[in-house]
Number of protein chains: 2
Amino acid sequence: MQQEEQNQETHGKIEVILQAAQRRLGLYGYEKTTMKEIADDISMSKAALYYYFTDKDAIFKAVVEREQKEFSALIEKKIAELDNPEEMVKVYIDQRMRYFREFMNLSKFRSTEPEQVKPLLKELFFRFRLEEQKLLVKILKIGNSSGQFHCENEELYADLFLNIVKGLRFSLIQQKPYIELAPEELEVLVNAFHDFTTLFIRGLKYNESKYYK
Amino acid sequence: MQQEEQNQETHGKIEVILQAAQRRLGLYGYEKTTMKEIADDISMSKAALYYYFTDKDAIFKAVVEREQKEFSALIEKKIAELDNPEEMVKVYIDQRMRYFREFMNLSKFRSTEPEQVKPLLKELFFRFRLEEQKLLVKILKIGNSSGQFHCENEELYADLFLNIVKGLRFSLIQQKPYIELAPEELEVLVNAFHDFTTLFIRGLKYNESKYYK
DNA sequence: TATCTGACCATTTTGTTTAAAAGGTCAAAG
DNA sequence: CTTTGACCTTTTAAACAAAATGGTCAGATA
C-alpha cells in the first residue's frame, strides 16, 4: 500500500488478498498462480491488487513471511514450555515436520520452477534458516550447560542438523513435479526424522571422556 | 553382442565403445550424448554399435554397472584391510565421496533430465544402494560384536546413514543444471560429511546403560 | 482523498507447424 | 563374423503466431 494513512478497511482488504494468495500458492505454487486468478477469487479487479501491493513478488513475500513468523512464534512458545533440551530437539523436529506439510506447500516453488529458486524466496528461506539455526544453537547451549550434551561447536552442529533435515526431505521424497503428501511417503519421512533425531541426540550426549578407547 | 561365440577382438571393441560412451557420459550426460557421436569418436558407423549392443540404454547400463562394480571392489578391498569399525565407516565415507566426484558424473543423468530419472538408472542405483547397505550393515555388526557400537537395528541405521549422505549432497550442492565440482562447494560437502560421520559414530558408540538420567 | 476499474502496453508463455536429428533396422558388402 | 549406407519412425528443435501474464495509467466512483 502506497498510502501512509490507511482506512480501517485497508488491513481487512490486505488480509483478504493474502488469504487468497496463500490458498492459491499452497495449491498450485508461485508460477501457476496468476494475479487475475487471485483478483477473481476475491471479486476484485486485477489492477486493485496493485493498489495494495507493488507487484506479485510483494504479495508472495508477505505470504511466506507471515507463515514463517507463524511457525517461529509457535515453536518458540512450545519450547519455552520445556526444560529438557533433549525434549526440545524432539519437539522442534516434530513441529518442523508439521509446518512443512501443513503450511509449507511453498515448497512447490522449487518444483514448479525446474532449477532456480526465485531470488526473492532464496532470501526469505535464508533468513528463516538463520532463525532456525539460532533457536537450535540456543537449545544446544542449554543442553551443554546442563551437562546433558557435550557439543564442542553448537553452530556447526545446528547447521549440520538443519542440512540433514533438509537433505532427508530431498532424499526421501523423490522430488516430483507435484508435491503431494502421500500418507505412506510421509510416514517414511516421519520415521527417518525420528530415527535421525534419536541418533543426533545420542551423538550429542556422547562424552568422549567417559570412554576409554 | 548377439553372438554367443566371440572373436578375441570382440571384447576389445566392446571395451572401446564403453570407454567412448563413458567419456561422453561423464562430460555431457545421457541425453546429450548421441549414438552417432560415440560412433564417430571411435571411427565406427553408428550401425556397428547396434551389433554389439541392443540399444542406447544397454551401452549406458554397461558403463554404469562397470563403474559401480569398480567402486564396490575398491571399497571392499580397502575395508578388508582394516579391523576397527569406526575407521571403516570413515574410510567408507571418504571413498564414497571420491567415487562421487571422480566417476559419478553419471549424476548428470538427473540434472539433464529435469524430473524423472530413467527407470533403467533407477534400477541400477537401487541395486547399488542395496550393496552399499549390505556393506554398512556388515560394518555395524562388526562394531556391535566388538562392543564399540551399540546399535540395536543395523539395517535401520545403515539405511539412515545412506539417506543422510544422499540428502546432504542434495542439500548442499544446490542442484544445478550442470554438475560442476567447484572446489569450495566440494570442501563444504567434505566438511559436512566429516562432521556427520563424527556425529554418527558417536551416536553408535553411545551406550544408554552408561548414563544415568 | 482514498479506492477501484477497464483499457492498454510490453513481455513471456503457449500452441502449432515444419525441418532436422535422433534412435533403431536391415539387406547386402567385405 | 563384422561392418556399412540407406532407410524407417519417433523425438527434438526452430520458427512463428496467438494467447496470457505482469504491470501501468487516466479516469470513474463514492
Side-chain angles (χ1 to χ4, degrees), chain A residues 1-18 20-21 24-25 28-63 109 111-116 118-121 177, chain B residues 1-18 20-21 24-25 28-63 109 111-116 118-121 177:
Chain A
M1 43 283 154
Q2 29 260 60
Q3 272 65 27
E4 283 304 315
E5 185 185 335
Q6 286 152 22
N7 170 325
Q8 61 266 39
E9 270 303 293
T10 300
H11 277 100
K13 275 285 164 59
I14 288 177
E15 185 57 32
V16 168
I17 294 171
L18 288 182
R24 288 267 171 197
L25 189 63
Y28 308 111
Y30 181 88
E31 311 266 275
K32 292 292 183 192
T33 298
T34 74
M35 296 297 271
K36 184 174 186 315
E37 286 170 338
I38 297 174
D40 288 349
D41 282 352
I42 55 181
S43 301
M44 264 179 137
S45 81
K46 191 183 64 168
L49 297 180
Y50 288 89
Y51 177 74
Y52 295 99
F53 292 92
T54 66
D55 56 15
K56 190 182 178 184
D57 277 7
I59 293 184
F60 288 107
K61 185 175 171 183
V63 170
F109 273 105
S111 63
T112 313
E113 307 162 52
E115 298 295 346
Q116 79 246 35
K118 287 223 108 185
L120 158 76
L121 285 172
Chain B
M1 40 287 149
Q2 31 257 61
Q3 272 65 26
E4 284 303 315
E5 184 185 333
Q6 286 153 22
N7 169 326
Q8 62 267 38
E9 271 302 294
T10 301
H11 278 98
K13 275 285 164 60
I14 288 176
E15 186 56 31
V16 168
I17 294 171
L18 289 181
R24 287 266 170 198
L25 189 62
Y28 309 110
Y30 181 87
E31 313 265 277
K32 293 290 185 191
T33 298
T34 73
M35 296 296 270
K36 184 174 187 316
E37 285 170 339
I38 296 174
D40 288 350
D41 283 353
I42 56 179
S43 301
M44 263 179 138
S45 81
K46 190 184 65 170
L49 296 179
Y50 288 89
Y51 176 75
Y52 295 100
F53 293 93
T54 66
D55 55 15
K56 190 182 179 184
D57 277 7
I59 294 185
F60 289 107
K61 184 176 172 184
V63 169
F109 273 106
S111 63
T112 312
E113 309 162 54
E115 296 295 346
Q116 79 246 36
K118 288 222 106 185
L120 158 77
L121 286 171

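To find a chain, count down the sequence lines: A is the first, B the second, and so on, and within it residues start at 1.
Atom CD in A:Glu31 sits roughly 14 Å away from atom C1' in D:dA20 (whole-Å rounding). A:Lys32 places its NZ atom 17 Å from the P atom of C:dT12, with the value rounded to the nearest Å. Here the P atom of nucleotide D:dT24 and the CZ atom of A:Phe53 are 15 Å apart, to the nearest Å. Taking atom CD1 of A:Ile14 as the reference point, atom P of C:dA2 lies 15 Å away to the nearest angstrom.
Side-chain N/O atoms of B:Tyr52 include one lying less than 4.0 angstrom from OP1 or OP2 on D:dT3.
Every residue meeting the side chain to side chain contact (heavy atoms under 4.5 Å, CB included) condition with A:Ala47, not counting sequence neighbours, appears here in chain and number order: A:Ser45. Judged as a salt bridge (charged side-chain N to carboxylate O under 4.0 Å, His left out), and not counting sequence neighbours, the contacts of B:Lys36 are B:Asp40. Remark: A:Asp55 engages A:Asp57, A:Ala58 in a side chain to side chain contact (heavy atoms under 4.5 Å, CB included) (not counting sequence neighbours).
At least one test fails for B:Lys61 against the ring of B:Phe53: distance under 6.0 Å to the centre or angle within 45° of the axis.
One end of the helix from C:dT1-D:dA30 to C:dA29-D:dT2 points its axis 30° away from the other end's axis, with each axis taken from 5 pairs and the angle rounded to 10°.
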* Asked: What is the per-nucleotide protein-contact pattern of nucleotides 24-30 of chain C, from the 5' end, where B denotes a base atom under 4.0 Å from a protein heavy atom, S denotes such proximity for sugar-phosphate atoms only, and - denotes neither?
  -> BBB----

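Judged by closest nucleotide on DNA chain D, B:Leu49 is the one of A:Thr33 and B:Leu49 placed further toward the 5' end.
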Sort me out a list of protein N/O and nucleotides 26-30 of chain D N/O pairs below 3.5 Å, or just none if empty.
none

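Of all nucleotides listed (C:dT3, D:dT21, C:dC4), C:dT3 comes nearest to the side chain of A:Tyr51.
Between A:Leu25 and A:Val63 the shortest heavy-atom distance is CD2-CG1, 4.0 Å.
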